[in-house]
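Sequential numbering from 1 along the given sequence is applied to the chain's residues.
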Amino acid sequence: MNRRFPSTPLRYVLAAAAVAIVIYGYRGLHVHNPTTVALTFLLTVLVISASWGLRVSIFASVIATLGFNFYFLPPIGTFVIADPQNWVALFAFLITAVIASELSERARREAMNAVERRNDVERLYNFSQKLLTSDNVVELLNLLPDYIVDTFALKSATIALPDRPDIYRSSADTSEVDVHDLQIVCSRGEPRFDTARGLALIPLKMGLRTVGSLALSGSSLSRQTLEAMSSLIAISIERVRAVENLSRTEAARESEQFRSVLLDSITHEFRTPLTAIKASVTSLLSSSHGDPAQQQELLTIINEESDRLNRLVGEAAEMSQLEAGKVELDLEPASIRQVIDQALENSRNALAKRPIDVRVPADFPQVRMDESRIREVLMHLIENAAKYTPPETPIYIGAEVRNQQLTVSVADRGPGIDDFEQALIFDKFYRGRDQRTRIQGTGMGLAIAKAIVEAHGGTIGVTSQLGHGSVFYFTLPAA
């Protein structure tokens with residue numbers, strides 16, 4: 001983009017005035033050394049050339065040559081030159097002034113071009129940064145025209161892609177771009193410039209492949225800048241498409257993995273109680289006159305395994321409701337010590353005769369919570385600790401208030417959890433790699449606990465060291 005200062009009459013007048021000042025300045029000082037005057041004229045012409053361009057400097061050179069001849073070369077006061085050497089000096093001065101003006105103009109023009117190129121590079125860099133703000137194709141295409149207009153100070157911008165029916169326009173677009181023209185540019189892969197309407201139509205090319213077309217209104221950008229801009233846009237569109245494809249592939253892979261884990265977990269957990277129920281019922285049916293004690297034992301097994309099945313189905317339904325946000329919390333002030341005691345009472349079968357150490361101060365303040373839901377969280381943590389630790393090891397339960405937060409922790413002396421599994425332990429259906437075949441469970445307990453705590457506005461986590469046990473904790477707002 002070459003930008004020239006316009007040649008206005010005022011500049012010519014000022015150039016003539018500058019030459020006149022030099023003439024009358026030396027005339028007033030009674031200095032008649034032609035060399036000194038010529039050098040001063042030359043310096044004046046160079047200043048004019050650097051400021052206002054070649055045309056004005058040539059005009060000043062001619063005026064200075066005439067003034068030099070009339071006022072400083074004998075016979076003074078005429079345009080006649082008596083000494084032939086003065087002809088040489090006069091033409092040498094004129095040629096020197098013109099060449100110096102041309103060199104000065106060239107240096108000025110190159111400096112301006114360098115500044116423009118630097119500005120174009122800066123604009124392209126800023127534009128490329130904006131292109132990285134979106135990972136969605138539709139969002140990017142809606143934002144691109146406004147990005148182009150704002151970055152390059154254009155009137156309007158329009159983008160069309162052959163595989164999309166919509167035309168994406170900037171907010172300032174007056175719809176003066178013909179869609180047919182965009183289609184032609186995209187199909188041919190060659191730019192078009194409509195100087196009458198001030199339009200530039202550029203194909204968006206990714207190497208040799210055209211991915212769309214771009215129309216710019218009010219553009220005075222160089223062709224190199226336009227090509228660089230179109231390449232950046234094409235690359236960004238392809239990048240976003242690649243990200244979306246990768247995201248869909250990753251989502252499909254995770255979904256397949258999730259289905260596999262879910263099927264494996266449900267199959268394993270449902271098979272065990274169903275097998276026990278089936279065996280008990282078969283025994284009852286085959287021995288109609290059996291031992292009453294044995295029959296009672298079989299009926300007890302059926303009852304317990306039915307409860308287990310009912311709990312599995314209930315956990316799945318509860319997890320679904322929590323994720324959908326369909327569970328309403330009944331928040332009331334409650335004593336965390338009382339909730340802990342109730343959770344321990346409900347978990348007594350899982351705890352058996354395991355030692356429990358509860359460390360909660362007697363004057364512990366009440367905290368707003370859904371008492372039944374927090375009791376459920378504690379039951380999951382307590383039963384989890386009892387399930388994965390040896391029977392003789394104690395379980396420690398503590399509570400404290402710090403920084404306006406209630407923190408409740410359940411600690412054990414079990415085998416511990418490695419760093420990798422600590423990041424996955426609260427995911428649905430995830431179970432320890434070394435415990436999947438030895439310990440019963442669906443992997444939903446900790447996920448349910450996490451959902452309940454987060455619904456209260458709290459957090460849940462675990463700290464653990466292999467061979468030294470684990471500490472599960474959750475926090476609730478205390479104020």
Side-chain angles (χ1 to χ4, degrees), residues 304 307-308 310-319 321-322 327-402 405-414 417 425-426 439-464 469-478:
E304 291 177 351
D307 289 341
R308 182 179 172 188
N310 184 57
R311 188 181 69 175
L312 292 174
V313 174
E315 286 182 350
E318 183 180 14
M319 189 72 246
Q321 291 178 342
L322 287 169
V327 176
E328 295 184 1
L329 299 178
D330 183 15
L331 299 177
E332 295 290 341
S335 168
I336 190 62
R337 178 56 193 257
Q338 182 178 350
V339 176
I340 293 173
D341 291 339
Q342 293 173 354
L344 290 172
E345 176 66 22
N346 293 342
S347 303
R348 64 180 182 274
N349 290 334
L351 291 171
K353 297 182 179 180
R354 188 185 308 273
I356 305 295
D357 185 1
V358 180
R359 301 176 182 178
V360 180
D363 57 347
F364 203 82
Q366 291 188 335
V367 178
R368 282 176 56 83
M369 67 180 77
D370 187 324
E371 188 173 346
S372 62
R373 292 291 180 180
I374 297 302
R375 181 170 64 249
E376 183 180 358
V377 171
L378 283 165
M379 288 173 59
H380 283 301
L381 297 182
I382 292 169
E383 291 176 4
N384 186 75
K387 188 182 298 182
Y388 290 95
T389 56
E392 67 278 4
T393 57
I395 294 176
Y396 301 90
I397 303 175
E400 62 176 350
V401 174
R402 182 182 300 175
Q405 281 192 327
L406 165 66
T407 301
V408 181
S409 59
V410 178
D412 59 61
R413 296 291 180 85
I417 308 169
I425 200 71
F426 293 100
I439 305 296
Q440 294 181 352
T442 61
M444 286 191 292
L446 293 179
I448 292 174
K450 179 182 179 183
I452 293 174
V453 171
E454 290 181 347
H456 280 76
T459 59
I460 191 169
V462 60
T463 59
S464 183
S470 305
V471 178
F472 285 85
Y473 63 89
F474 65 90
T475 64
L476 299 175

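Listed for the S347 side chain is a donor-acceptor partner under 3.5 Å among the backbone atoms of A343. Judged by distance alone, the side chain of R373 and the main-chain N or O of A455 form no donor-acceptor pair under 3.5 Å.
Side-chain contact between I374 and F474 is present, with heavy atoms from C-beta onward closer than 4.5 Å. At a threshold of 4.5 Å between non-hydrogen side-chain atoms, the residues R413 and T389 do not count as touching. Within the 4.5 Å cutoff, side-chain heavy atoms of I397 are placed close to those of L344. Counting heavy atoms from C-beta outward, R354 and T393 have side chains that approach closer than 4.5 Å. V471 places none of its side-chain heavy atoms less than 4.5 Å from the side chain of V462. Between N384 and V410 the shortest side-chain heavy-atom distance does not fall below 4.5 Å. Within the 4.5 Å cutoff, side-chain heavy atoms of H456 are placed close to those of M369. Inter-residue side-chain proximity for V401 and P365 is flagged as met; some heavy-atom pair is nearer than 4.5 Å.
Here the shortest heavy-atom pairing between P361 and A399 reads CD-O, 4.0 Å.
To the nearest 0.5 angstrom, I336 atom CD1 is 9.0 Å from E371 atom CD. Interatomic distance, OG of S335 versus CZ of F364, reported as 8.5 Å (0.5 Å rounding). Within the model, atoms CG of D412 and OG of S470 stand 5.0 Å from one another, a figure rounded to the nearest 0.5 Å. Atoms NE2 and CG, from H380 and L378 in turn, are 10.5 Å apart once rounded to the nearest 0.5 Å. The structure places CG of L446 at 5.5 Å from CZ of F472, a figure rounded to the nearest 0.5 Å. Atom CG of N346 and atom CD1 of I382 lie 9.5 Å apart (nearest 0.5 Å).
Applying the side-chain hydrogen bond (donor to acceptor under 3.5 Å, both in side chains) test to D341 and every residue at least two apart in sequence or in another chain returns R337. Take S372 and apply the side-chain hydrogen bond (donor to acceptor under 3.5 Å, both in side chains) test, not counting sequence neighbours, and it matches D370. Shown here are the salt bridge (charged side-chain N to carboxylate O under 4.0 Å, His left out) partners of E345, two or more places apart in sequence or in another chain: R348. In this structure D357 satisfies the side-chain hydrogen bond (donor to acceptor under 3.5 Å, both in side chains) test together with R359, sequence neighbours excluded. Residues that satisfy the salt bridge (charged side-chain N to carboxylate O under 4.0 Å, His left out) test with E400, not counting sequence neighbours, are R402. Residues passing the side-chain hydrogen bond (donor to acceptor under 3.5 Å, both in side chains) test with T475 are T459, sequence neighbours excluded.
Among L476, V339, V453, V408, the one residue that satisfies the side-chain contact (heavy atoms from CB on, under 4.5 Å) test with V377 is V453.
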Chi angles and distances behind the side-chain contact (heavy atoms from CB on, under 4.5 Å) call for I460, Y473: CA-CA 6 Å; I460 191 169; Y473 63 89; over 6 Å; no

